[in-house]
Each structure stands twice: as structure tokens, then as C-alpha cells.
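Note that this is a predicted model, so its numbers are computed, not measured. Numbers restart at 1 for each chain; the letters A, B, ... are given by sequence-line order, proteins then strands.
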Amino acid sequence: MTTLFGVPLPAILGQLMLGLVNGSFYALLSLGLAVIFGLLGVVNFAHGAFYMLGAFAAYIGLEFLGVNYWWALLLAPLSVGLLGIIIERLFLRQLYQVEPVYGLLLTFGIALIAEGVMRSLFGASGRSYPVPPLLQGGFNLGFMVLPIYRAWVILASVTVCCVTWFLIERTRLGSRLRAATENAKLVQAFGINVPLLVMCTYGAGVGLAALAGVLAAPVIQVSPLMGSSLVIVVFAVVVIGGMGSIVGAIAGGLVLGLVEGLTKVVYPEASNIVVFIIMAVVLIWRPAGLFGKEQ
Amino acid sequence: MRAQIAVYAVLAALALIAPFLGLYPVFLMKLLCFAIFACAFNLLLGFTKMLSFGHAAYFGGSAYITGWLVTAQGWGSIEAIIGGVLAAMLLGLVIGAIAVRRQGIYFAMITLALAQLVFFVCLQADFTGGENGLQGITRGSIFGWVGLGNDRTLYYFVLAVFVAVYALIRRIVNSPFGQVLKAIRANEPRCVSLGYKVDRYKLMAFVLSASLSGLAGSLKALVLGFATLSDVGQTNSGEVILMTLLGGSGTFLGPAIGAVVVVTLQEYLSEIVGAWVSVIIGAIFVVCVLIFRRGFVGEIHRRFAQRAA
């Protein structure tokens, strides 16, 4: 059997596959974070909590309301996005005039509330969500078995990332969004409803996090704390890619997921911290991040 | 000024007689440890306007080091505390050197991410006891002269350390060095153009704050007899921010008051409402950020200033 670093090749490919799946989640989450940061200047600490709420929305839908996976893919991001819009209207909006760190602190408080509520209602232990029947099983590629659901996660999130990128960089709506990011006052003066744009952007970013949560539900345990450490990894991914950079967020997420998978093969003890080490190195070498612009 | 002296006199008297008022001494010591932590944190947030989101790394890191030195190496209490503080200093120097390269929100995210790295190291390293943490850290004595096993003796020891730290922070803030920190808080680019090596001052403040946070963590390890993952976790980093904000960042007394309020709330509420306590803490966070950004002491200062005007 072929080996690499003294590890059989199928095992390495399996870990890389897992890494790519994690990378898909990182990409979806950091994309939403980057879009929100670009327009609102808010680092959304609650992003991990919204990811968790997305997964719980799918779980609750299936357990109590008979909503299947495919409907959950649509409904969970919509309902969590709506919650995000309410939070933006009620709370975040009041902080645009003060320093950006207060936005971070506010969303941290919101994350505490969301996690606390879910923990009180559902307990701290994880719950499993079944893989939908259509996506069960795997392809035999000859050298390894590729689980269909994992392939689906990668495909779905890469597609969503590409569509989002296209929306922002190539459409009229996206050009308005980018203009508002550059200079909100001027865009407002041109008669574009910037507050509405801001509200929808926050809702959409949060919706992306919830979508990642639904996609993640069948591969990890659904638990109230599933997002709390993930959000910090995603922060690191965004810092590495360069804050506010869409391409940096997507590419950074996928690549760092792969690197994490590879580290699990070579030196498993470091797999949790490799992203943070890379972040430190990148910051020393390029303080603005790989795709970021120096201010 | 006279009012200030009166407040300090009342607080000092309260602190001295507190163990005789029927309050549980271990709880009082826990309050003091977190008060030291919040005051140390305030040196950074309040006087230099640098929001570190990873101060649990120094607090918890020191708690582990002190605990390990006592349990595994058989060190005396004071030596173990000094060891813990030195470890926090070193950690603060390394993380600070990376983090001060960026400002504001970036600084917060970088300190958070690097603190998470410390968290995972504590989770996986051999000497920290993994998920269980370090248990059975004995209190020992002050160089073999005075035993610290008695709750009241230890209480006065911790109180003395708190007073010393408090005085030290006042001294630092009112020194020429502290003036430069406040100037950086007011207008950083201007300080750069005046020729101050701003990054060096910020790093210095960061290391000081990290070391004193470490001192708080070391004391906490001796007081409660254990060091766990929740000491280094992000929730702890968040809570020290809440203590400082709630009490009043940039005031001397505020963070200590905030620490007393938050720790007391957690202690008593968790018995009554269980897991809902984090919901309440989160809600206080939201309210504090939205409408109470000056904090208790900051609001009092503002009222007095208005009346004087």
C-alpha cells in the first residue's frame, strides 16, 4: 500500500476530505463575516451562535415540525436571517456612531444569550441529525470511498460562495453594496436606501452562517456550544485572508481547512492550533493579511 | 476630593471587617482575585483603549503554572506565585508583540485567537490535567513564616496584594509613562508624529496588564485550590471585559466594583436559575454596551462634573 509520512494514502485522503468539509464551513462563515464587516464595520461575534441556531432550526424542524432536510436548507437560513434583521434593527443600528469595538461586544453578549437559551432548553449534550436518504452512502473511487454527503457539503458551499461572490462583484445590487462600503453618506445622497441595504446585508450574512449550520448538522453533533470555538477559528481565517476581502475569506477558509486536515495526519496534537499559528506568522509577515489592503 | 477619601475610607473599613460580617471568606477572596484581574485589564482597556479579548490566557495560564509548581514541583506559595506572574509576563510579551501591530477591532480579534491557542495548549499539554484541570493545589505559607491554610489569614494576604496592585496601577497611570498611554488613547497618530515609539509603549502596557492578570490567576489558584479550563476560556476573557465596562472603564475603582457585581451575580444566580445565568450575563452585556457605556463609576463622575459646572 502506498504511504506518505508513514501513513497509508487512503487515510491521508480521508483526512484531506474531512479538512475540505471543515474548510467549506469556514469559507461560508468567514464569507458572511467579511461581507458584514465590509458594510457595517461590525465584527459579528454572534456568527458562531447563528451557525448553531441554523443547525438547531434544522433539528427542531425535523424532530417537532416534520420539516425535512431540503426544506430546512431554505427555511433555517430565512428564519435565522430574519432574527438577524431584528437584532440589527433593534440593537446594532444604535452603535454605528460609536467605536467598532462596541459592535463586537454587543454581538458577544448576543452570542452568550443565544447559547444560554439553547443550553437551558436542550442541555449541553450533542444531538445527532440523520443524513437525508438521498445523500446516504458513498462512491467507491477505487483508492478510497467518498461519502456522498461530504461531497455534497463541499459542492453546495463552493456553489453558494461563488454565487455570493458573483452577486457582490458582478451585479448592480453588488455595486451599490460596494459603493456603500466605500462611502455610505455619498451613496445615500444618490438616493439609495443605505439603512435598508445594511439591514439586508446583516440578514444575508447571518443567513449564510445558518446555512452552514444546516449543512453541518448531519456531520457533527448539534449542540449549543458548537459555534463558540468555531467562531474564533473563523476570526483567525478572516484575519489571515485580510478583513473585508471576499476572495480572501473563501480561499482562506478552504485552504486552512485543508491545512488542518493535513496537520491531523502529520502531527495530530497541533491540528487545533495550526490555524492560529499560521495567523501569527501571517501577521508578522503581512500585518494586513494575505488579500487585505494596507490602510 | 474629600468625597473620594471618604469613599476609600469606607471601602477600606468594609474590606478589613468583611470576614467578621458572616461572609464566606473564600468567596470574598474570589471577589478580590477578580477585582485584581479587572483592574489589570482596565490598565489596557481604560487607559490605553486597547480591547484585548484574550486576557483569560494570562489569568488562566498563571493559575496553571502556579498550580503545577505547587503540586508537581513542590514549590512554596510565594515562589509559585512569582513563577506564575513571570510566565504571564513572558506570554504577554510574545502575544503583545504580535498583537500591537494592529489596532482596534483587529487587535481584539488577534488577542482572542492567540488566547484560544493558549487554551488548546492547556487542553492538550501533560502538566495541566486536560479536561479535569489541576486539583488539590495546597495553600502553603509565606516563606514558611506564616501559614496560609487559614481562610482569614489568606484573606488578609489577598487583600494586601489587591491594595498593592491598586496602588501600583494608580502610580503607573499617574506617572509620565501613564500620561503617554493616555495621550495614545486620545490620539495615536499625533503621538507617533511627536516622536513617541507608540508600539513600544503599548507593548509595555500590555505586558504590565498581562503580568498583573497573571498575579490574579495565581492567587485564584491558591485560594480555590484548582485551575481549570474555564480559567483560560473565552468566556472568562469576555467576563473581565464586562466587569470593567459595567464598573466604568478608565476609572480606578470601577473595574473592582464591576468584578464584585458580576462574580456575586454568577455565584448566587447560578444556584437559582442554573444555565440561564449566562443568558442574564449576556443581557447585562447588551444593556451595558447599548446604554451604559460609562459604567457605574463613570456615571457618578459625570453627575458630579455636571453639578460642578
Side-chain angles (χ1 to χ4, degrees), chain A residues 37 41-43 45 87 90-92 94-95 98-121 123-124 224 228-229 231-233 235-240 243 268-277 279-281 283-284 287-289 292 295, chain B residues 45 49-54 94-95 97-126 233-235 237-239 241-242 244-245 249 273-291 293:
Chain A
F37 179 77
V42 168
V43 176
F45 208 121
I87 287 170
L90 287 180
F91 304 127
L92 270 176
Q94 301 177 33
L95 292 176
V98 297
E99 288 156 61
V101 289
Y102 286 113
L104 178 76
L105 294 175
L106 179 89
T107 47
F108 177 74
I110 289 170
L112 280 184
I113 295 176
E115 280 160 10
V117 167
M118 297 317 270
R119 210 170 52 201
S120 306
L121 296 179
S228 70
S229 61
V231 70
I232 305 178
V233 178
F235 278 1
V237 169
V238 174
V239 170
I240 293 169
M243 284 294 286
E269 290 81 3
S271 63
N272 284 328
I273 58 175
V274 65
V275 173
F276 303 119
I277 293 172
M279 185 197 75
V281 173
L283 281 171
I284 292 166
Q295 288 124 343
Chain B
L45 179 66
K49 215 155 85 181
M50 295 156 78
L51 174 70
S52 158
F53 220 116
V94 174
I95 293 183
I98 296 169
V100 294
R101 298 164 68 92
R102 303 300 306 268
Q103 284 116 21
I105 211 88
Y106 301 91
F107 178 81
M109 291 168 71
I110 292 159
T111 47
L112 174 66
L114 293 173
Q116 189 72 354
L117 196 156
V118 174
F119 175 84
F120 279 118
V121 170
C122 289
L123 178 64
Q124 287 168 343
D126 292 327
Q234 50 158 315
T235 316
S237 294
E239 275 163 9
I241 300 175
L242 179 62
T244 310
L245 268 185
S249 75
V273 294
W276 288 100
V277 70
S278 82
V279 180
I280 294 171
I281 294 286
I284 297 175
F285 227 114
V286 169
V287 171
C288 200
V289 170
L290 284 177
I291 55 174
R293 286 193 285 273

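Using a 4.5 Å heavy-atom threshold, the side chains of B/Tyr106 and A/Leu283 count as separate. Under the 4.5 Å side-chain criterion, counting only non-hydrogen atoms from C-beta, A/Phe37 is in contact with B/Ile105. Side-chain atoms of B/Leu245 and A/Tyr102, non-hydrogen and from C-beta on, do get closer than 4.5 Å to each other. Between B/Gln116 and A/Ile273 there is no side-chain heavy-atom pair separated by less than 4.5 Å. Side-chain contact between B/Val279 and A/Leu112 is absent, with no heavy-atom pair separated by less than 4.5 Å. Proximity of A/Arg119 to B/Ser278: side-chain heavy atoms (C-beta onward) are separated by under 4.5 Å at one or more points.
Of the listed residues A/Val238, A/Thr107, A/Val117, A/Val239, the one with more heavy-atom pairs under 4.5 angstrom with chain B than any other is A/Val117. Among the candidates A/Ala236, A/Gly109, A/Gly103, the residue making the largest number of heavy-atom pairs closer than 4.5 Å to chain B is A/Gly109. Interface remark: of the candidates B/Ile241, B/Ile281, B/Ile110, B/Leu114, B/Ile110 forms the most heavy-atom pairs closer than 4.5 Å to chain A.
Interface remark: A/Phe108 contributes side-chain atoms only to the contact with chain B (heavy atom separation under 4.5 Å). Contacts of A/Leu95 with chain B are made by side-chain atoms alone, with heavy-atom separations under 4.5 Å and no backbone atom involved. With a threshold of 4.5 angstrom between heavy atoms, B/Leu51 approaches chain A through side-chain atoms but not through N, CA, C or O. Contacts of A/Ser229 with chain B are made by both backbone and side-chain atoms, with heavy-atom separations under 4.5 Å. When heavy atoms are compared at a cutoff of 4.5 Å, A/Val233 does not approach chain B at all. For chain A, the nearby part of B/Phe53 is the side chain; its heavy atoms alone come within less than 4.5 Å.
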Practice item. Mind running side-chain contact (heavy atoms from CB on, under 4.5 Å) on A/Asn272 and B/Phe119 for me, showing each step along the way? Key: CA-CA 10 Å; A/Asn272 284 328; B/Phe119 175 84; over 6 Å; no
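The residue from A/Ile232, A/Ile277, A/Val275 that alone fulfils the side chain to side chain contact (heavy atoms under 4.5 Å, CB included) condition with B/Leu117 is A/Ile277. Each of A/Val101, A/Ile110, A/Leu105, A/Val98 was checked for a side chain to side chain contact (heavy atoms under 4.5 Å, CB included) with B/Val289, and the lone residue meeting it is A/Leu105.
Here the side chain of B/Gln234 pairs a donor or acceptor atom with the backbone of A/Ser228 at under 3.5 angstrom.
Contact between A/Glu269 and B/Gln124 at its shortest, heavy atoms only, is O-OE1, 2.8 Å. Summarising the geometry of A/Pro287 relative to B/Arg101, their closest heavy-atom pair is CG-NH2, 3.5 Å, with the distance given to 0.1 Å.
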